[in-house]
Amino acid sequence: MQPIHDATLENWHDFEIVSRREIIALLRAIGEKKQLIRMLIHGEADVCVTSILEVDADGDQLILDCSINKEQNLRALAASGLRFETTLDKIRILFAGPGIEASMFEGSAAFSMPIPQTMVRLQRREYYRMDTPVSNPVRVSLTMPPQQGGGIAVFPLADISCGGIALLDAKMELDNTIGLNYLGCRLDLPEIGPVPMTLQVRNSLDLTLLNGKPNRRLGMEFVNLTRGGLAQVQRYITKLERERNARLAGLA
């Protein structure tokens with residue numbers, strides 16, 4: 001995933017939203033769906049995970065959750081500018097703010113900032129991604145190279161597409177060098193079966209979760225996935241989409 005910076009936002013001006021009514025509706029939808037938001041304090045090097053608590057249109061304030069990491073909260077409050085990134089219905093949403101202030105929401109500490117005047121909504125993606133279950137996560141097994149101790153290591157997925165996966169490496173076990181190939185991997189898809197594959201590291205992001213624990217999200221691309229393997233991945237994505245649609249319709 002590309003890092004957010006001024007040049008990036010300028011390049012995406014064709015996707016910019018300037019309607020205040022649409023911006024407020026979009027922010028409220030993000031808040032209602034409890035979507036996590038990446039708040040970039042000093043670029044990709046310092047990322048805080050937050051969420052929208054309230055959109056106060058009359059007071060022109062966006063209320064955000066703060067981290068339990070006090071030092072990270074202080075760095076966020078001291079920053080002169082912040083970038084934010086999230087998704088809504090698989091569409092990437094970007095916006096920026098001049099800074100945040102300490103606030104309170106329902107008796108707890110929070111952040112507040114002016115409602116952004118513009119947002120960027122990217123509707124085009126190379127591959128359609130689906131979040132994988134959190135309560136019963138899909139897992140991928142990687143064959144570790146000798147320099148990393150060898151053996152097999154298993155990691156939960158964050159999302160999946162026909163082009164690759166995002167896995168969570170909470171213990172920072174994996175070499176996250178961009179372009180590195182992991183051979184002899186196996187993706188275990190519930191009710192579908194195992195899919196053997198090679199995975200290539202495409203991006204890496206270190207996160208601090210709301211509970212203060214660090215985590216690392218690695219974007220991994222499928223390398224030379226067989227036609228049969230791709231069909232299995234497609235079947236699983238279709239299954240996830242049907243289950244999600246059923247939940248939204250109140251049928252599950």
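The figures that follow rest on heavy atoms only: side chains count, while hydrogens, waters and symmetry mates do not.
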### Stepwise side-chain contact (heavy atoms from CB on, under 4.5 Å) test for Val223 and Leu225
CA-CA 6 Å; Val223 178; Leu225 185 63; over 6 Å; no

In this structure, would [X] and [Y] fall into the same cluster of hydrophobic residues linked by side-chain contacts under 4.5 Å?
X: Ile192; Y: Ile160; answer: yes
X: Met144; Y: Met197; answer: yes
X: Ile37; Y: Ile17; answer: yes
X: Val134; Y: Leu187; answer: no
X: Leu167; Y: Val201; answer: yes

Counting neighbours of [atom1] on [X] that are heavy atoms of other residues, nucleotides or ligands and sit closer than 6.0 Å, is the number greater than 12?
X: Arg139; atom1: CZ; answer: yes
X: Gln234; atom1: CD; answer: yes
X: Arg242; atom1: CZ; answer: no

### Task
Apply the test side-chain contact (heavy atoms from CB on, under 4.5 Å) to residues Met39 and Phe111: give CA-CA distance (whole Å), side-chain angles for both, the deciding distance (0.1 Å), then the verdict.
CA-CA 12 Å; Met39 179 169 65; Phe111 295 137; 3.9 Å; yes

Give the minimum heavy-atom separation between [X] and [Y], together with the two atoms involved.
X: Ala102; Y: Leu77; answer: N-CD2, 3.4 Å
X: Phe222; Y: Cys162; answer: CD1-O, 3.5 Å
X: Leu174; Y: Leu218; answer: CD1-CD1, 3.6 Å
X: Pro114; Y: Gly99; answer: CD-O, 4.4 Å
X: Ser67; Y: Gln72; answer: OG-OE1, 3.5 Å
X: Pro194; Y: Gln232; answer: O-NE2, 3.6 Å

Could you tell me whether [X] and [Y] make a salt bridge, using a distance below 4.0 angstrom between a side-chain N and a carboxylate O?
X: Lys239; Y: Glu243; value: yes
X: Asp169; Y: Lys171; value: no
X: Glu173; Y: Arg216; value: no
X: Asp159; Y: Arg217; value: yes

Could you state the interatomic distance from [atom1] ([X]) to [atom2] ([Y]), rounded to the nearest 0.5 Å?
X: Ile23; Y: Thr118; atom1: CD1; atom2: OG1; result: 6.0 Å
X: Ile115; Y: Asp56; atom1: CD1; atom2: CG; result: 7.0 Å
X: Arg28; Y: Leu62; atom1: CZ; atom2: CG; result: 10.5 Å
X: Cys48; Y: Asn69; atom1: SG; atom2: CG; result: 8.0 Å
X: Met130; Y: Thr238; atom1: CE; atom2: OG1; result: 9.5 Å
X: Ile165; Y: Arg202; atom1: CD1; atom2: CZ; result: 14.0 Å

Is a donor on one side and an acceptor on the other found under 3.5 Å between the side chain of [X] and the backbone of [Y]?
X: Gln35; Y: Thr87; result: yes
X: Glu54; Y: Gly31; result: no
X: Thr132; Y: Leu157; result: yes
X: Ser204; Y: Asn176; result: no
X: Thr177; Y: Leu180; result: no

Quick one, [X] and [Y] - any side-chain contact, counting heavy atoms below 4.5 Å?
X: Arg235; Y: Glu191; result: no
X: Ile52; Y: Leu27; result: yes
X: Glu85; Y: Arg92; result: yes
X: Met119; Y: Leu94; result: no
X: Pro145; Y: Tyr182; result: yes
X: Val138; Y: Pro133; result: yes
X: Cys185; Y: Thr143; result: no
X: Phe155; Y: Leu142; result: yes

### Task
Would you please test Phe84 and Leu64 for side-chain contact (heavy atoms from CB on, under 4.5 Å) and show each step?
CA-CA 11 Å; Phe84 301 86; Leu64 300 167; 3.7 Å; yes

### Qualifying residue for side chain to side chain contact (heavy atoms under 4.5 Å, CB included) with Val140, from Asp188, Leu199, Val195, Val154
Leu199

### Residue from Ile63, Asp60, Ile100 passing side chain to side chain contact (heavy atoms under 4.5 Å, CB included) with Met113
Ile100

### Task
Output, in order, the C-alpha distance, side-chain angles, deciding distance and verdict of side-chain contact (heavy atoms from CB on, under 4.5 Å) for Val18 and Gln117.
CA-CA 6 Å; Val18 296; Gln117 296 182 352; over 6 Å; no

